[in-house]
Amino acid sequence: MSYNHHEIDAKWQSYWETHKTFKTPALGDRPKYYILDMFPYPSGQGLHVGHPKGYVGTDMIARYKRMRGFDVLHPMGWDAFGLPTERQANKEGIHPKVVTDRNTDTFRKQLKKIGLGYDWDREIATSHKDYYRWTQLIFLKLYEKGLAYQAELPVNWCPALGTVLANEEVKDGVYVETGDPVEKRLMTQWMLKITAYADALLADLDTLDWPESLKEMQRHWIGKAEGARVTFQIADQDSSFDIFTTRPDTLFGCSYCVLAPEHALVPQLTQTGQKAAVEAYVEAAAKQSERERMTEVKKTGVFTGSYAINPVNGQRVPIWIADYVLANYGTGAVFACPAHDERDWDFAEAFDLPVIEVVQGGDVHEGAYTGDGPHIDSEFLNGLNIAEAKKTIIAWLEEHKHGEGQINYRLRDWLFSRQRYWGEPIPIVHLEDGSVVALSEQDLPIELPHLDDFNPTADGQPPLARTGPEWREVTLPDGRKGLRETNTMPQWAGSCWYYLRFIDPQNSEAPWDPTLEKRWMPVDLYVGGTEHATLHLLYARFWHKVLYDLGMVSTKEPFQRLFNQGKIQARSFRDGRGKYYYPQEVESRTYTSAKGETQDQWFVKGTETLLETRVEKMSKSKHNVVTPDETIEEYGADALRLYEVFMGPLEDNAVWQTENMAGVRRFLERVWRLYFPEKAVAAQDEIPEDLDRLLHKTIQKVSQDLDEIHPNTAVSAMMIFVNEATKLGYLPTPMKGVFARVLAPFAPHLAEEFWASLGHSESIALADWPAFDPEKTIDRDIELPVQLNGKLRGVIVAPVGADEATVRAIAEGNEAIQGHLEGMQIVKVIHKTDRMLNLVVKPA
RNA sequence: GCGGGUGUGGCGGAACGGCAGACGCGCCAGACUUAGGAUCUGGUGCCUUCGGGCGUGGAGGUUCAAGUCCUCUCACCCGCACCA
């Protein structure tokens, strides 16, 4: 390896640091470009090569935009509050703050070694009181607007973590991060009324330049359903219940009603004879975990003994309870039309309930028919299709006061409190009289008190209940006394607004200056993984909309354009007993089976131990982690950067193979030799026309690829150019400065070295992006494919822009083509200038 | 089941409806060399009777021309999943 990357990497990283090369002017005359990475959670594991894939991509674009004349805001910080840190601290017997500082130091060091051009003066951490005082302020604003409230409701309780979790954090009955099981518990918790913004969150998705798949995920999560609320009277009782349905047109097909087992009316509806069965069912449903409830395939339920009156025709229908009806969606009760709803059909079949067809088009004895068709046996709906019938029945329900049209959302309010220590204290006081008051802005920050033991208390109270009276007890200015809230905010709180703090990170008077907010918002490009689709990205949009309504921000949406970088995985090796091996412990050998078939197989080096190999997420336990530090040590930061993006499209997943870094390293070596040749080369000033043309094409291609976030093909274009220059034997002197600037966003350390060697004293990061001459991207002569009946028969050389007659004459003079034309007559000629010539022929 | 996406050499991947396989890895050959995991040059989809034929998961279709557009179908990945 001919160039010393250790020396060059260190030299320029220290130059950037001392010269503050990437410092962003708060206000300036140039157009702004705010490009943001999803900031990391600083775990104890440090970074592996998968983490910086997105960071490298944004760094290239940020450097490119800066050279193109933008003021670029490209900051980095830490999502520093959270449970994993608390657990790590517990394990090591040290304080979470110490762990957080140590972890962020590691992360920062690792990021700097990659040569990422962040404005480090803007670094923030959500766990600093200078930051979270503003998180608390936003909470107060939410509270004042009635968007934060306490409620007793069934919540997701995770015993392993000792805390409740939000809906969005639970999937298949387990916590998405750790896989620990979650159970339902009735608890009083802080909630944020995200449902008040359901419609805006849904509608404004259309204005965003986000991947369609991600928008779909949010749309589905919000889950807008248009239908009707219908009131059913209970027979022989002076009471009623409401149901929600999206198919009010099938009310004439109702054969029974179902309430969720948790429904408040269940005790009242249960008739003596059914009491034992109902109570047993309710109890069993309560005990069952979410997971068990979901994996159950057969429908279960119990008849209550009571009947409801169908408002459309006065018929008595039995009321059942069943766990296929969810307590926390709609009204927790449904009317069942087995003929036209699959779930109701399954239930009706299991309990032998009647199936009444009201929409024609299917065979309702075979299964539910959910398609469209004319209504029958439905009085005034007969003959109408679904859409018409819905409209008619809703008008009828409203006229007769039996219900009304209603829109329902799948989205639930956000459970916002956690029974943990390492999070933002909630600025609330519980008074002696049982009432709750919010503290005022002047009281902030409510500092997280130091605790040596930050486990929940023995009687199950949150860790902050361990604090002494000096923190816990509060006397308000008016003399009333109370105790501080001991729940803390979830990890998502800090990341809901960090992109705003980056705009004005040191402001001690306000969370941000409105002038600066107007200057920088919205984020022009936000890059991160898809795993936050219905978590961070939904929560942050919600907060932003509240801030917009409060007049604190000037845009309706925070992240105008979103890009999801793909994940990086790595091969893992495991023997028959499940033991994992490091890549350096294994080897690939050709293995010949008894049948004589050969195939490549992996073995433990020097042994006959056969290994199974899989592509998996990088993880210490699987022995397949590759760190940026080790690859930089061997190949240099620029090679790592190039390989991160050269593996494939930035949005695609990829499998890491350190061996393949040799290719990009070779490319860098070749570039190095063009700038610092081993042997003196004569005639370096002469510019061959072909190479000049190629240079202009390269600038064009690289510019376009960076605009479109295709760094992989940009690298490929630079390789083509360098290969040509290498063939020529030298890079003409006038081109050296130009190509160095093209290379600068990708391999900034080398580019700086080249730039300095050309006599420049300022960083290449601040140089202008080279312009290309469109004239020079056009070839003089081109190779034109000639087809006969659509089949390629030859390639001719023609002047650029040649007309059909010229091209045809050359083609007909071409020996290879002549052969094919023999005995044929040309019936049609298709000529696309500079693209191709197709002669349609038939036997003469 | 519903929604979204992906299928191209030995491998990662390129291709405004117009020369399929750019670029890179790997492999083969050669050059230079105090054999080195260095560098440079050339080659490398498959079959072939050396004319050519066949090739982008599969089957049809549109078109002078299809990896690209349309219909059907198979496989895999991701998200959601009793939301009435």
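Below, chains carry the letters A, B, ... as their sequence lines are ordered, and counting in each starts from 1.
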A.B. asks: Please work out if A/Asp344 contacts a base, only the sugar-phosphate, or nothing of the nucleic acid, heavy-atom cut-off 4.0 Å.
C.D. replies: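 Nothing, no heavy atom under 4.0 Å.
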
A.B. asks: Is there a donor and acceptor pair, one atom on the side chain of A/Lys299 and one on the base of B/C82, closer than 3.5 Å?
C.D. replies: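 Yes, the side chain and the base share a sub-3.5 Å donor-acceptor pair.
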
A.B. asks: Which comes earlier along RNA chain B counting from the 5' end, the contact point of A/Asn712 or that of A/Ala717, where each point is its nearest nucleotide?
C.D. replies: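 The answer here is A/Asn712.
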
A.B. asks: When the distance from CZ of A/Arg673 to P of B/U39 is rounded to whole Å, what number comes out?
C.D. replies: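 Spelled out: CZ on A/Arg673 to P on B/U39 is 7 Å.
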
A.B. asks: Quick one: sort the A/His536 and A/His532 rings into parallel, tilted or perpendicular, breaks at 30° and 60°.
C.D. replies: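 Rings of A/His536 and A/His532: perpendicular, as their planes differ by over 60°.
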
A.B. asks: With syn defined as a glycosidic angle within 90° of 0 and anti as everything else, classify B/G51.
C.D. replies: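 Base orientation: syn.
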
A.B. asks: Crowded around A/Glu531 CD? As in, over 12 foreign heavy atoms under 6.0 Å?
C.D. replies: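 More than 12 heavy atoms, drawn from other residues, nucleotides or ligands, come within 6.0 Å of this atom.
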
A.B. asks: Distance check, C1' atoms only: B/G60 and B/C74, in whole angstrom units.
C.D. replies: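 Rounded to whole Å, the distance is 15 Å.
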
A.B. asks: When all nucleic acid strands are considered with a 4.0 Å heavy-atom cut-off, which category describes A/Gln787: base, sugar-phosphate, or nothing?
C.D. replies: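 Here A/Gln787 touches the bases of the nucleic acid.
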
A.B. asks: Take the protein atom CG of A/Asn653 and the nucleotide atom P of B/U6, then report the distance between them rounded to whole Å.
C.D. replies: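 Atom-to-atom, A/Asn653 to B/U6, this comes out as 13 Å.
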
A.B. asks: Tell me if B/G9 is syn or anti. Syn = glycosidic torsion within 90° of 0, anti otherwise.
C.D. replies: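 Judged by the O4'-C1' to base torsion, B/G9 sits in syn, the angle falling within 90° of 0.
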
A.B. asks: By the 4.0 Å heavy-atom rule, please label A/Arg219 as base, sugar-phosphate, or nothing.
C.D. replies: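 No contact.
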
A.B. asks: Once you round it to whole Å, what is the distance between P of B/C80 and CD of A/Glu169?
C.D. replies: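 Going from CD in A/Glu169 over to P in B/C80 covers 14 Å.
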
A.B. asks: Can you tell me, in whole Å, how much space there is between the C1' of B/G43 and that of B/G21?
C.D. replies: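 Those two atoms are separated by 16 Å.
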
A.B. asks: Determine whether any donor atom in the side chain of A/Asn660 lies under 3.5 Å from an acceptor atom in the base of B/C25, or the reverse, and answer yes or no.
C.D. replies: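 Side chain to base: no pair present.
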
A.B. asks: Please give the distance between the C1' atoms of B/C32 and B/C23 as a whole number of Å.
C.D. replies: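 Result for the C1' pair: 27 Å, nearest Å.
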
A.B. asks: Would you mind classifying the nucleic acid contact of A/Arg412 as base, sugar-phosphate or nothing, using non-hydrogen atoms under 4.0 angstrom?
C.D. replies: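 The answer is base, as A/Arg412 lies within the cut-off (heavy atoms under 4.0 Å) of a base atom.
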
